[in-house]
Amino acid sequence: MAKTEQAATCDAEATEQVGREKLRGFLQQMQLIRRFEERAAREYASGRISGFCHLYIGQEGVAVGALGALEPRDHVITAYRDHGHALLRGCTPRAVMAELMGKVTGAARGRGGSMHMFNPEQRFHGGHGIVGGHIPLATGFAFASAYEQRGDVTLCFFGEGAMNQGAFYESLNLASLWNLPAVYVIENNQYAMGTPLSRASAISDLAMKATAFGMEGEVVDGMDVTLVNACIARAAKRAREEHRPTLIEARCYRFRGHSMSDPAKYRTKDEVDERKAHDPITLATHTLLERKWASEDEVKGWDDEAKDAAADAAEFAADSPQPSLSDLGRYVYAEPLSWRLDDAMTPHVREEG
Amino acid sequence: MAKLSFREALNQAMDEEMARDERVFLMGEEVGHYDGAYKVSQGLLAKYGERRVVDTPITELSFAGVGIGASMVGLRPIIEMMTFNFCILALDQIWNNAAKMRLMSGGQYNVPIVFRGPNGAAHMLSAQHSQATENWFCNVPGLKVVSPATPGDGKGLLKAAIRDDDPVIFLESEIMYNDVGEVPDAEDHVLALGKAHVVREGKDVTLIGYSHGLKAVVAAAEALAKDGIDAEVIDLRTLRPLDMETIARSVRKTHRVVTVEEGWPFGGIGAELAYRIQHALFEYLDAPVTRVTQLDMPMPYAENLEAACLPNARDVIAAARAVSYRT
């Protein structure tokens, strides 16, 4: 089992393994996600974003470390807290922000919203809103890889709240039974909406559940991007070379509420402050500075770039058009729906205007 | 024309499509080593091996989802539900993932998957094993729903479903697997989805049915003919999308309609047909559209009670006479 205690810097051994260049890149990716999400929160508050909006702030180390261990051909899928994963897999800040604002330039042409970002060209398959419902899909991607003997790996993220769903148990059983190249990552941010793990799970050591499926399980400090990277690299190698799935519990924390409408009264300020002392961005920053792998000016410069990218995304999204009403009937089936006024299906077809 | 059983016709459809396209595979409970709970997949494991004929544990939710995932990345799965009663456990996957992936992604995915297996009542299987699920699936935009009435249609429609780029629910009848019928010899017998078939032409009343329910309809039409009522019989073949053109052509001629289904009435296929027909063809109707359905209750076990719940030819005849004002 990997080291779980947290430190003011990233784990020394894992940092060596990751190396200077990759860690510099990881910090920049985490900064981008953080600044993007902060901007999304502002846009939400201003009313330009509606619907549900679940921010990834605090958990950046998990997606950045994990996706940094993959090859471009590998598949990635996650739940509804998906902005960070999308940004890491080729959805531009502009496309993600435009999707949040329901614009046609969005990552799903304004049809998906916050919970449904997609970029199949870079093998990012969403963005899913039913808790645990995407875990069978991930297993299907891994099945297809095995079927076609392609050698690619599927990485599936979900929260600890999804782990009690039947879909989780059924899927992991199949993955182990059929020797599928899948890596299942529990992003344990401690709260399923407002319910702490202790009130939802009979056990607290979640990786233990791997034993029930005869697969490897591992716990990792999800606030340390280097440890996550090393852990996922091991699991991806196992999937690719030994065709064996792995279950990983990445222990992390979200600094914001479950969604924009959640004031998070179920936890204390002290608890949140204590966790913020182990902010994945702070850990990576301290590590880079301490090793002189980056200067303070550089870190500040990257942060400014991230803020600029988020601001540019917001401006682009706000200026983008909504989807055309004349395209309303597209994407339901392969053939667009064609509604006629004399068709009993739609008594309320409206002209665009 | 070859004479084949429904079971053989469906088997042939899968066999031909698997031979034609390496991406097609069959997955489900007992489809391989057991050769199919209803022997529809007989011989496919021996021919194609475990890679393409995949036995699953009893986990409908997950193997439905595995199929959907595989279809999103380029494969063309056929998922066998041992019966559609068990498919209820997989509804989240089918409704939330298969039916919505294209829209949610803004058109970035095809979901070329078929869920097939027996649907509806068989004989004395009681409440949990006798359900007609078609109207549930028909309620979901993004799905296509097919339910053939003859072996020939079964083969042609299943091949079309496998080649379709959208998710298709393919509902067979458990008590029709042994039915024998003519199946065209044509190398590539593929029927278009979304097209109804006029089984019998008539001028006095339109009787609309599908799948096993069509038997009662055809029997009723023959009896009505002896009584001087010339019924037109339409086999829907595809329940979603509905072929309203064929229905409208018939209604404009007969001015009277009876719909027949073996499912429950509330929000059923007949309810949808009646709405659409009255909305689009009100001025052509000489009588209210009447529907014949299963009784609105869970299926009891006893033979006489089950028979009383299911629609039969007598019910269809009575409904046809009623809309013809000849009671």
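Predicted, not measured: the structure shown is a model, and the values here were computed from it. Scope of the values below: all heavy atoms of this structure, side chains included, with no hydrogens, waters or symmetry mates. Lettering follows sequence order; numbering is per chain, from 1.
- Checked by atom type and distance alone, the side chain of A/Glu148 never pairs as donor or acceptor with a backbone atom of B/Gly74 at under 3.5 Å.
- Both the backbone and the side chain of B/Thr56 come within contact range of chain A, with heavy atoms under 4.5 Å apart.
- Between A/Leu137 and B/Gln93 the shortest side-chain heavy-atom distance falls below 4.5 Å.
- A/Tyr331 contributes no side-chain N or O that, together with a main-chain N or O of B/Arg102, makes up a donor-acceptor pair within less than 3.5 Å.
- In the displayed structure, A/Met193 atom CE is contacted under 6.0 Å by at most 12 heavy atoms of other residues, nucleotides or ligands.
- The structure places CD of B/Gln108 at 13.5 Å from NE2 of A/His116, a figure rounded to the nearest 0.5 Å.
- More than 12 heavy atoms of other residues, nucleotides or ligands lie within 6.0 Å of CD in A/Glu71, so this atom counts as buried by the packing criterion.
- Contacts between B/Leu143 and chain A at a heavy-atom distance below 4.5 Å involve the backbone alone (N, CA, C, O).
- Atom-to-atom distance recorded for B/Asp164:CG and A/Tyr333:OH is 10.0 Å, nearest 0.5 angstrom.
- Note on A/Gly127, A/Gly126, A/Gly166, A/Ala144: by heavy-atom pairs under 4.5 Å with chain B, the leading option is A/Ala144.
- Residue contact with chain B, scored on non-hydrogen atoms closer than 4.5 Å, is absent for A/Ile77.
- Heavy atoms closer than 4.5 Å to chain B are found nowhere in A/Ala142, neither backbone nor side chain.
- In this structure, chain B has a heavy atom under 4.5 Å from the side chain of A/His128, while its backbone stays farther away.
- In this structure, CZ in A/Phe168 is found 13.5 Å from CG in B/Leu61, a value given to the nearest 0.5 Å.
- Atom NE2 of A/His134 and atom CD1 of B/Ile68 lie 14.0 Å apart (nearest 0.5 Å).
- Considering every non-hydrogen atom in both A/Asn173 and B/Pro57, the closest pair reads ND2-CG, 4.0 Å.
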- Item | Step-by-step side-chain contact (heavy atoms from CB on, under 4.5 Å) determination, B/Thr59 to A/Tyr169 | CA-CA 10 Å; B/Thr59 54; A/Tyr169 294 92; over 6 Å; no
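- The CE atom of B/Met72 sits 10.5 Å away from atom NE2 of A/His75, with the distance rounded to the nearest 0.5 Å.
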- Task: Would you please test B/Val73 and A/Arg123 for side-chain contact (heavy atoms from CB on, under 4.5 Å) and show each step?
- Result: CA-CA 9 Å; B/Val73 294; A/Arg123 302 201 160 176; over 6 Å; no
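- Atom CD of A/Glu242 is surrounded by more than 12 heavy atoms from other residues, nucleotides or ligands within 6.0 Å.
- A/Tyr147 and B/Arg23 are not linked by any side-chain donor-acceptor pair at a separation below 3.5 angstrom, with hydrogens and angles left out of the test.
- When the candidates B/Asn96, B/Asp165, B/Ile277, B/Leu89 are compared by the number of heavy-atom contacts under 4.5 Å with chain A, B/Asn96 comes out ahead.
- Contact tally against chain B (heavy-atom pairs below 4.5 Å) for A/Ile130, A/Leu177, A/Thr139: the top residue is A/Ile130.
- At a 4.5 Å heavy-atom cutoff, the contact between B/Glu60 and chain A is made by backbone atoms alone.
- Listed for the A/Arg111 side chain is no donor-acceptor partner under 3.5 Å among the backbone atoms of B/Gly106.
- Comparing B/Ser105, B/Gly67, B/Pro241 by how many heavy-atom pairs each has under 4.5 Å with chain A, the most go to B/Ser105.
- Contact check for A/Glu170 versus B/Phe63: no side-chain heavy atoms found under the 4.5 Å cut-off.
- Interface remark: of the candidates B/Leu242, B/Val111, B/Asp92, B/Asp92 forms the most heavy-atom pairs closer than 4.5 Å to chain A.
- Heavy-atom minimum distance, B/Asp166 versus A/Val332: OD1-O, 4.4 Å.
- With a 6.0 Å radius and a threshold of 12 heavy atoms from other residues, nucleotides or ligands, A/Glu121 has its CD atom at or below the threshold.
- Remark: A/Glu335 CD is loosely packed, at most 12 non-hydrogen atoms of other residues, nucleotides or ligands lying under 6.0 Å away.
- Residue B/Tyr109 comes nearest to A/Pro120 through the heavy atom pair OH-CB, 3.5 Å, listed as atom of the first residue, atom of the second, then distance.
- Residue with the most contacts toward chain B among A/Ala146, A/Gly113, A/Gly133, A/Ala138: A/Gly133 (heavy-atom pairs, distance under 4.5 Å).
- Looking at B/Lys144, the atoms closer than 4.5 Å to chain A (heavy atoms on both sides) sit in the backbone and in the side chain alike.
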